[in-house]
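A quick write-up on the structure given underneath.
In this chain, residues are counted from 1 in sequence order. Side-chain atoms are counted along with the backbone in the values below, which use heavy atoms only and exclude waters and symmetry mates.
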Amino acid sequence: MASIIIKGGNKLNGEVKISGSKNASLPIIAASILSGKKTTLFNVPDIHDTQVTLKILRYLGCKVYKNHDRIEINSKYIDKMEVPESLMREMRSTVILAGALLGRFREVTFSYPGGCDIGARPIDLHLKSFKKLGINIAEEYGFIRCSCDKIVGADIDLDFPSVGATENIILASVFAQGKTSITNAAREPEIVDLVNILNKMGARISGEGTNVIEIEGVTKLHEVKYRVMPDRIEAGTFLCAGAMAGGKITNARTEQLIPIISKLEEAGCQIEKDNTSVTLQAPKRLKAIEIKTMPYPGFPTDMQSIFGSMLSFAKGTSIITENIFENRFKYLQELKRMGAKSKQEGNVAIITGVKMLTGAKVKSTDLRGGAAMVLAGLKARGITEVTNIEYILRGYEGLETKLRKLGADINLVQE
Ligand code: UD1
């Protein structure tokens with residue numbers, strides 16, 4: 001089992017190049033299934049979750065060529081409409097493949113998806129939406145089988161602006177008969193990126209980035225070359241590392257970072273930004289703040305644990321309300337091993353900042369919870385060992401390498 005060992009206390013300084021977005025890459029890779037042709041993607045991060053998705057595509061019959069961050073997918077020869085259970089369990093976002101396979105072949109079989117244990121994570125909104133598009137759903141022996149003769153455009157009103165359900169509806173209805181309209185759609189930038197590539201392939205989708213998205217069915221898509229957007233959560237993670245010790249990030253889309261940047265400013269950081277880079281000057285000591293996670297453009301739930309870790313050093317009492325995933329406070333128990341002070345009441349965490357944490361052996365409780373531990377270790381006194389780092393490897397490309405380049409004393413150790 002590998003772990004990450006950090007000797008805390010080093011100042012960080014320098015520039016970090018942000019990798020391609022995990023959450024945009026996954027639906028975009030799924031979109032390549034739709035065309036039946038070649039899709040060339042640039043800026044795809046080399047992380048466990050993209051590796052698993054590409055493994056499934058190969059299993060389905062796609063030809064996949066990978067050269068660093070450039071990936072070529074030819075989906076012409078797909079001959080299976082079933083996502084294997086073992087791979088499906090490795091990550092939740094494989095559910096996105098269902099929408100793409102349905103869109104192209106009107107048939108798919110998959111099991112309930114896996115992923116981080118950050119809450120119930122049901123897929124009822126996905127299935128309800130598929131039904132609205134005329135897709136029949138049968139559940140048997142833990143498998144979900146979806147099929148229909150044709151997909152017919154429909155008006156779908158989501159009970160909650162679910163990112164995954166919005167993406168699945170878009171993918172399933174690109175070839176639908178007539179128009180599909182999604183109201184209360186998710187507005188996340190990753191959805192805009194998905195729509196951008198689909199429209200470049202010949203789809204007719206509008207309203208992305210707003211809460212009403214319309215998809216006018218088309219009959220075919222063509223080859224495309226596309227560059228995936230930078231990862232705004234990775235950018236936010238490095239900004240928080242900088243907020244503890246100073247630094248600059250580049251290759252980010254600054255407008256997507258506004259909810260994160262404004263909270264960092266509230267905590268006392270000085271920030272300069274242009275379109276693609278952000279420079280952050282950390283204060284002597286951060287100030288306590290209040291955070292409520294919300295769908296985009298609100299404060300992202302994926303940044304909640306990273307901020308929680310950072311705020312355990314802030315002066316005063318911070319209050320964090322988690323409105324999206326109920327299990328996203330597990331990391332607080334681990335932080336307590338390092339001397340952090342917090343208490344949780346339902347979906348609210350109250351963090352009383354301390355001047356210093358002490359290094360300890362702590363585990364990653366999920367992907368972002370793992371990154372939160374690494375950040376705490378950067379600032380803590382002494383040695384921190386972060387275990388269960390397979391969570392971190394799912395979503396960060398070379399987190400420890402990038403931090404080392406900035407001056408951190410950090411190593412990934414294989415046992
Ligand atoms: C995506 C992101 C994840 C991020 C989340 C919220 C990917 C691969 N993952 O996850 O990093 O934290 O958006 O920004 O893009 N829900 C239901 N029924 C459903 C679907 C969702 O009740 O059918 C609920 C969930 O339990 C959760 C909320 O809706 O409480 C938001 O989930 P959703 O937006 O769907 O998140 P994901 O797409 O899974």
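- The existence of a salt bridge linking R328 and D302 is confirmed by a sub-4.0 Å separation between a basic side-chain nitrogen and an acidic carboxylate oxygen.
- Contact of the I182 side chain with the I215 side chain is registered, since non-hydrogen atoms from C-beta on lie closer than 4.5 Å.
- To the nearest 0.5 Å, the span separating CG on L357 from CG on L378 amounts to 11.5 Å.
- A side-chain N or O of T301 and one of E322 form a donor-acceptor pair less than 3.5 Å apart.
- Inter-residue side-chain proximity for R232 and E190 is flagged as met; some heavy-atom pair is nearer than 4.5 Å.
- A salt bridge links E290 with K292; the closest basic N to acidic carboxylate O contact falls under 4.0 Å.
- Distance CG/N168 to OG/S129: 8.5 Å, rounded to 0.5 Å.
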> How far apart are the C-alpha atoms of D155 and T183, what are their side-chain angles, what is the distance that settles it, and do they pass the side-chain contact (heavy atoms from CB on, under 4.5 Å) test?
Replying inline: CA-CA 8 Å; D155 291 341; T183 49; over 6 Å; no
> When you look at T279 and E272, which way does the side-chain hydrogen bond (donor to acceptor under 3.5 Å, both in side chains) test go after all the steps?
Replying inline: CA-CA 5 Å; T279 307; E272 275 173 43; 5.5 Å; no
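- The pair K22-D231 does not meet the salt-bridge criterion, since no charged nitrogen lies less than 4.0 angstrom from a carboxylate oxygen.
- The only member of R368, K402, E234, H48 that meets side-chain hydrogen bond (donor to acceptor under 3.5 Å, both in side chains) when paired with Y396 is R368.
- A donor and an acceptor atom, one from each side chain of Q51 and D46, are located under 3.5 Å apart.
- No side-chain heavy atom of L286 sits less than 4.5 Å from a side-chain heavy atom of L264.
- Checking each of D409, T237, I410 against L403 for a side-chain contact (heavy atoms from CB on, under 4.5 Å) leaves exactly one that passes, namely I410.
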> Would N347 and E326 satisfy side-chain hydrogen bond (donor to acceptor under 3.5 Å, both in side chains), going step by step from the backbone distance to the final call?
Replying inline: CA-CA 7 Å; N347 68 334; E326 65 275 18; over 6 Å; no
